[in-house]
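First the structure, in the form of C-alpha coordinates, and then the observations on it.
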Amino acid sequence: MALLHRAELRPSKLELLAGWLPGRQWFAGEAGAPVSRVAAYRFDDPAGEVGIETLLVRAGDGPVLQVPLTYRGAPLAGADEHLVGVVEHSVLGRRWAYDACGDPVYPPLLAAAVLADAGQAEEYFEVDGKREVRPASMTLAGSRTGRPVPTGPASAGPVSAGPVSAGSAAAGSGDGGVTAVRVGDVELAVVRRPVPAEVPDSGGLTGTWPGQDEPVLLAYAR
(Lines give C-alpha, C1' and ligand atoms only; values in the text may rest on other atoms or scores of the structure.)
Protein backbone atom coordinates (compact mmCIF):
# COMPACT_ATOMS: atom_id res chain seq x y z
CA MET A 1 0.00 0.00 0.00
CA ALA A 2 1.15 3.54 -0.73
CA LEU A 3 0.67 6.11 2.04
CA LEU A 4 -0.14 9.54 0.64
CA HIS A 5 0.02 12.88 2.42
CA ARG A 6 -2.35 15.80 2.04
CA ALA A 7 0.41 18.23 1.26
CA GLU A 8 1.47 21.16 -0.89
CA LEU A 9 4.31 20.76 -3.39
CA ARG A 10 6.40 23.66 -4.69
CA PRO A 11 6.72 23.47 -7.59
CA SER A 12 3.88 21.07 -8.28
CA LYS A 13 4.57 17.84 -10.15
CA LEU A 14 2.89 19.19 -13.27
CA GLU A 15 4.85 22.44 -13.12
CA LEU A 16 8.04 20.40 -12.81
CA LEU A 17 7.12 18.32 -15.85
CA ALA A 18 6.21 21.38 -17.91
CA GLY A 19 9.87 22.41 -17.84
CA TRP A 20 11.36 18.91 -18.14
CA LEU A 21 9.25 17.18 -20.80
CA PRO A 22 10.08 19.33 -23.86
CA GLY A 23 13.72 18.27 -23.60
CA ARG A 24 12.92 14.57 -23.93
CA GLN A 25 13.50 12.82 -27.23
CA TRP A 26 10.05 11.22 -27.05
CA PHE A 27 8.17 14.41 -26.16
CA ALA A 28 5.09 15.32 -28.18
CA GLY A 29 2.78 18.23 -27.50
CA GLU A 30 3.03 21.98 -27.07
CA ALA A 31 6.32 23.08 -25.56
CA GLY A 32 5.62 25.66 -22.90
CA ALA A 33 1.96 24.68 -22.59
CA PRO A 34 0.50 23.71 -19.22
CA VAL A 35 0.77 20.00 -18.44
CA SER A 36 -2.45 18.29 -17.35
CA ARG A 37 -2.90 15.01 -15.51
CA VAL A 38 -4.83 12.24 -17.26
CA ALA A 39 -4.40 9.36 -14.77
CA ALA A 40 -1.75 7.78 -12.56
CA TYR A 41 -0.72 4.57 -10.84
CA ARG A 42 1.80 3.67 -8.16
CA PHE A 43 4.06 0.82 -7.18
CA ASP A 44 5.07 0.17 -3.58
CA ASP A 45 8.74 0.27 -2.60
CA PRO A 46 9.27 -2.83 -0.39
CA ALA A 47 11.69 -0.82 1.75
CA GLY A 48 9.18 1.99 2.21
CA GLU A 49 11.75 4.66 1.38
CA VAL A 50 11.02 5.72 -2.19
CA GLY A 51 7.79 6.99 -3.70
CA ILE A 52 7.10 5.42 -7.10
CA GLU A 53 4.41 7.01 -9.23
CA THR A 54 3.67 6.87 -12.95
CA LEU A 55 1.85 9.89 -14.34
CA LEU A 56 -0.07 9.94 -17.60
CA VAL A 57 -0.14 13.54 -18.75
CA ARG A 58 -0.67 15.82 -21.73
CA ALA A 59 1.18 18.98 -22.72
CA GLY A 60 -1.49 21.27 -24.09
CA ASP A 61 -3.57 19.33 -26.61
CA GLY A 62 -0.81 16.80 -27.27
CA PRO A 63 -1.00 13.02 -26.95
CA VAL A 64 -0.89 11.15 -23.66
CA LEU A 65 2.66 10.80 -22.32
CA GLN A 66 3.77 8.23 -19.73
CA VAL A 67 6.18 9.52 -17.09
CA PRO A 68 7.29 7.12 -14.32
CA LEU A 69 8.78 9.07 -11.40
CA THR A 70 10.51 8.22 -8.16
CA TYR A 71 10.61 10.56 -5.16
CA ARG A 72 13.55 10.39 -2.76
CA GLY A 73 14.49 12.17 0.43
CA ALA A 74 18.12 12.56 -0.70
CA PRO A 75 19.93 12.64 -4.05
CA LEU A 76 20.53 9.29 -5.75
CA ALA A 77 24.25 8.85 -6.35
CA GLY A 78 25.22 8.63 -10.00
CA ALA A 79 21.77 9.52 -11.31
CA ASP A 80 22.11 13.22 -12.11
CA GLU A 81 21.14 12.65 -15.75
CA HIS A 82 17.81 11.21 -14.61
CA LEU A 83 16.94 14.05 -12.23
CA VAL A 84 13.64 15.72 -13.13
CA GLY A 85 13.85 18.33 -10.39
CA VAL A 86 13.62 19.10 -6.70
CA VAL A 87 10.36 19.94 -4.92
CA GLU A 88 9.50 21.15 -1.44
CA HIS A 89 6.92 18.89 0.19
CA SER A 90 5.02 20.54 3.03
CA VAL A 91 5.07 17.33 5.09
CA LEU A 92 8.18 15.42 3.99
CA GLY A 93 10.47 18.33 3.19
CA ARG A 94 12.75 18.43 0.18
CA ARG A 95 12.22 15.63 -2.33
CA TRP A 96 14.31 14.72 -5.36
CA ALA A 97 12.20 13.57 -8.32
CA TYR A 98 13.81 11.23 -10.85
CA ASP A 99 12.82 9.64 -14.13
CA ALA A 100 12.09 6.20 -12.65
CA CYS A 101 13.63 4.46 -15.65
CA GLY A 102 17.01 5.50 -14.24
CA ASP A 103 16.26 4.56 -10.62
CA PRO A 104 17.16 1.00 -9.52
CA VAL A 105 14.04 0.56 -7.38
CA TYR A 106 11.71 0.79 -10.39
CA PRO A 107 12.60 -1.96 -12.91
CA PRO A 108 12.01 -4.97 -10.58
CA LEU A 109 8.55 -3.62 -9.70
CA LEU A 110 7.74 -2.96 -13.33
CA ALA A 111 8.90 -6.48 -14.19
CA ALA A 112 6.50 -7.91 -11.60
CA ALA A 113 3.62 -5.91 -13.10
CA VAL A 114 4.49 -6.91 -16.68
CA LEU A 115 5.37 -10.57 -16.16
CA ALA A 116 3.26 -11.58 -13.14
CA ASP A 117 0.32 -9.14 -13.15
CA ALA A 118 1.39 -7.79 -9.76
CA GLY A 119 -0.86 -4.76 -10.23
CA GLN A 120 -0.64 -1.33 -8.67
CA ALA A 121 -0.32 -0.26 -5.07
CA GLU A 122 -3.46 0.68 -3.19
CA GLU A 123 -3.29 4.35 -2.19
CA TYR A 124 -4.53 5.64 1.13
CA PHE A 125 -4.45 8.60 3.51
CA GLU A 126 -4.33 8.35 7.28
CA VAL A 127 -7.22 10.31 8.77
CA ASP A 128 -7.55 10.40 12.57
CA GLY A 129 -5.52 7.21 12.81
CA LYS A 130 -7.65 5.38 10.25
CA ARG A 131 -6.90 4.49 6.64
CA GLU A 132 -8.90 6.31 4.00
CA VAL A 133 -8.43 4.56 0.65
CA ARG A 134 -8.22 6.71 -2.46
CA PRO A 135 -9.92 5.12 -5.48
CA ALA A 136 -7.55 4.23 -8.30
CA SER A 137 -7.69 6.61 -11.27
CA MET A 138 -6.97 3.81 -13.75
CA THR A 139 -6.95 0.03 -14.11
CA LEU A 140 -3.85 -2.04 -14.90
CA ALA A 141 -3.63 -5.53 -16.40
CA GLY A 142 -0.38 -7.46 -16.70
CA SER A 143 0.56 -10.82 -18.15
CA ARG A 144 1.05 -14.09 -16.31
CA THR A 145 3.94 -15.46 -18.29
CA GLY A 146 5.29 -17.95 -15.75
CA ARG A 147 8.70 -16.43 -16.34
CA PRO A 148 10.72 -15.83 -13.16
CA VAL A 149 10.42 -12.23 -12.08
CA PRO A 150 13.78 -10.70 -11.19
CA THR A 151 13.86 -9.17 -7.75
CA GLY A 152 16.51 -7.26 -5.94
CA PRO A 153 17.28 -4.05 -4.17
CA ALA A 154 18.68 -0.95 -5.73
CA SER A 155 22.38 -1.27 -6.36
CA ALA A 156 24.77 1.05 -4.55
CA GLY A 157 26.71 3.63 -6.51
CA PRO A 158 26.02 4.84 -10.05
CA VAL A 159 22.98 3.37 -11.74
CA SER A 160 25.06 2.30 -14.73
CA ALA A 161 27.38 0.27 -12.53
CA GLY A 162 24.70 -2.01 -11.08
CA PRO A 163 22.34 -4.65 -12.47
CA VAL A 164 19.84 -2.00 -13.60
CA SER A 165 20.41 0.10 -16.68
CA ALA A 166 18.27 2.52 -18.65
CA GLY A 167 18.57 3.78 -22.18
CA SER A 168 16.35 5.70 -24.56
CA ALA A 169 15.29 4.30 -27.90
CA ALA A 170 14.10 6.44 -30.76
CA ALA A 171 10.44 6.33 -31.69
CA GLY A 172 9.62 3.45 -33.96
CA SER A 173 6.61 2.81 -36.12
CA GLY A 174 3.60 2.66 -33.85
CA ASP A 175 5.51 2.31 -30.57
CA GLY A 176 5.34 5.97 -29.59
CA GLY A 177 8.95 5.97 -28.47
CA VAL A 178 10.21 3.71 -25.71
CA THR A 179 12.74 3.77 -22.91
CA ALA A 180 14.41 0.42 -22.31
CA VAL A 181 15.29 -0.68 -18.79
CA ARG A 182 17.03 -3.87 -17.76
CA VAL A 183 16.98 -5.80 -14.50
CA GLY A 184 18.82 -9.11 -14.35
CA ASP A 185 18.26 -10.87 -17.67
CA VAL A 186 14.96 -9.10 -18.37
CA GLU A 187 14.69 -6.12 -20.69
CA LEU A 188 11.53 -4.05 -20.49
CA ALA A 189 10.28 -1.29 -22.77
CA VAL A 190 8.39 1.63 -21.21
CA VAL A 191 6.10 3.12 -23.86
CA ARG A 192 6.31 6.89 -23.60
CA ARG A 193 3.33 7.69 -25.87
CA PRO A 194 1.01 4.80 -25.07
CA VAL A 195 -1.74 3.85 -27.52
CA PRO A 196 -3.86 0.72 -28.00
CA ALA A 197 -1.59 -2.05 -29.26
CA GLU A 198 -1.28 -5.82 -29.21
CA VAL A 199 0.38 -7.28 -26.12
CA PRO A 200 3.42 -9.34 -27.15
CA ASP A 201 3.71 -13.00 -26.17
CA SER A 202 6.70 -12.07 -24.00
CA GLY A 203 4.38 -10.16 -21.66
CA GLY A 204 2.98 -6.68 -21.35
CA LEU A 205 1.22 -4.18 -19.12
CA THR A 206 -1.91 -2.38 -20.30
CA GLY A 207 -4.08 0.30 -18.77
CA THR A 208 -7.49 1.92 -19.08
CA TRP A 209 -9.01 4.99 -17.45
CA PRO A 210 -12.25 6.97 -17.72
CA GLY A 211 -12.61 8.03 -21.33
CA GLN A 212 -10.06 5.41 -22.49
CA ASP A 213 -11.95 2.13 -22.58
CA GLU A 214 -9.66 0.39 -25.07
CA PRO A 215 -6.52 -0.80 -23.24
CA VAL A 216 -3.31 0.99 -24.14
CA LEU A 217 0.08 -0.72 -23.98
CA LEU A 218 2.16 0.83 -21.21
CA ALA A 219 5.17 -1.51 -21.08
CA TYR A 220 6.30 -4.87 -22.40
CA ALA A 221 9.09 -7.41 -22.10
CA ARG A 222 11.43 -7.99 -24.99
Side-chain angles (χ1 to χ4, degrees), residues 2 4-5 7-29 31-38 40-59 62 64-111 121 152-171 177-183 187-193 218-219:
L4 307 179
H5 298 274
E8 182 179 356
L9 295 179
R10 295 185 179 178
S12 70
K13 299 171 188 177
L14 297 181
E15 289 170 340
L16 201 64
L17 291 180
W20 181 79
L21 281 170
R24 304 312 102 192
Q25 181 183 11
W26 41 267
F27 174 75
V35 173
S36 60
R37 180 183 184 273
V38 176
Y41 61 94
R42 285 179 178 264
F43 295 144
D44 186 31
D45 173 22
E49 296 293 330
V50 181
I52 306 163
E53 179 181 32
T54 296
L55 295 174
L56 300 178
V57 300
R58 282 192 175 95
V64 173
L65 305 175
Q66 180 174 208
V67 188
L69 296 171
T70 55
Y71 309 113
R72 289 177 169 269
L76 176 61
D80 288 353
E81 66 181 296
H82 304 293
L83 181 66
V84 176
V86 180
V87 300
E88 294 293 338
H89 190 289
S90 62
V91 175
L92 300 176
R94 184 163 295 179
R95 305 289 284 176
W96 281 258
Y98 290 91
D99 178 352
C101 292
D103 191 320
V105 303
Y106 174 70
L109 301 174
L110 179 63
S155 58
V159 172
S160 59
V164 176
S165 60
S168 295
V178 302
T179 299
V181 298
R182 177 175 290 277
V183 54
E187 183 174 279
L188 303 164
V190 178
V191 183
R192 294 299 197 164
R193 298 197 297 276
L218 299 169

Are any non-hydrogen side-chain atoms of T179 and R24 less than 4.5 angstrom apart? no
Do S12 and R37 touch side chain to side chain, with heavy atoms closer than 4.5 Å? no
Using every non-hydrogen atom in the two residues, find where P11 and V87 come nearest and quote the distance to one decimal. O-CG1, 3.4 Å
Go through the structure and list residues passing side-chain contact (heavy atoms from CB on, under 4.5 Å) with P34, not counting sequence neighbours. none
Under the side chain to side chain donor-acceptor pair (under 3.5 Å) test, residues paired with D45 that sit two or more places apart: none
Test of understanding: with side chain to side chain donor-acceptor pair (under 3.5 Å), list the residues that count as partners of T70, not counting sequence neighbours. D103
Do you know the tightest heavy-atom contact between V190 and P68? CG1-CG, 4.0 Å
V57 vs L21 side-chain heavy atoms within contact, under 4.5 Å: yes
If you look at every heavy atom in P108 and P104, which pair is closest and at what distance? CD-O, 3.4 Å
Could you pull out all residues at least two apart from P46 that satisfy side-chain contact (heavy atoms from CB on, under 4.5 Å)? L109
Just how far is it from atom CZ of R72 to atom CD1 of I52, taken to the nearest 0.5 Å? 8.5 Å
Any residue meeting side-chain contact (heavy atoms from CB on, under 4.5 Å) with L83, in chain and number order, not counting sequence neighbours: W96, Y98
Smallest heavy-atom separation, G102 atom then A79 atom, equals O-CB, 4.5 Å
Hey, could you give me the CD/CZ distance between Q66 and R192, rounded to the nearest 0.5 Å? 7.5 Å
